[in-house]
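Note sheet for the following structure.
Position 1 is the first residue of the sequence; numbering continues from there. Just so you know, ligand 1 is whichever comes first in the structure, and atom 1 is the first atom listed for that ligand. Computed from heavy atoms alone, side chains included, the values below leave out hydrogens, waters and symmetry copies.
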Amino acid sequence: MERKQFLKSLGAGAAFAVTFPCLGSCSKDDGVEGDIVEEPTGVDFTIDLTSPEAADLAENGGFILKNLVVVARNLEGNFVAASQVCSHQSYDEVRFVDQEGGFFYCDVHGSRFAQDGSNLNQVDSKTPKPLKIYQTALEGNILRVFE
Ligand code: FES
């Protein structure tokens, strides 16, 4: 049976439920971790790299989450920052992965983004947006993350 025929056989309500399972909001009952939130704007904050909150930035490949931003120390030891909110369907599940040179990853549908925010795979051709990347500047032990 073709997909179209299958959906037709289910009826409009059921077809909608199958086709758009997360329209509006997905609950944690769907097995999806995370929440659908707005991408952060006006980002400008600092992190004291000697503070406990920055402990995971001590090693290359480590990352922390702050103000819906993923702040990472990449495999070369440089600080990079990206939106924690995925550009695919706005789940706050983006994390840094310290493999294959280091990349940002959202486990909700498997989107992968390069450190410049470009898509490494495209899970939905209707949403080709790159991941929002923020600037970083290090002065002494203070890391600034900003737009
Ligand atoms: S919301 Fe991140 S991959 Fe779909």
Using only atom types and a distance under 3.5 Å, with no angle test, would you say the side chain of Ser83 pairs donor to acceptor with the backbone of Glu39?
no

Excluding waters, which protein N, O or S atoms are within less than 2.8 Å of atom 4 (Fe) of ligand 1?
His88 ND1, His109 ND1

Using modelled atom types and a 3.5 Å cut-off, is there a donor and acceptor pairing between side-chain atoms of Glu147 and backbone atoms of Val43?
yes

Determine the minimum heavy-atom distance between Ser51 and Asp48, stating which atoms define it.
OG-O, 2.6 Å

Kindly indicate, with the supporting measurements, whether the criterion side-chain contact (heavy atoms from CB on, under 4.5 Å) is fulfilled by Val145 and Asn67.
CA-CA 10 Å; Val145 179; Asn67 301 341; over 6 Å; no

Under a 3.5 Å distance rule, please check whether Asn141 uses its side chain to pair with a backbone N or O of Leu49 as donor and acceptor.
no

Using 0.5 Å steps for rounding, measure from the CZ atom of Phe103 to the CG atom of Asn74.
13.5 Å

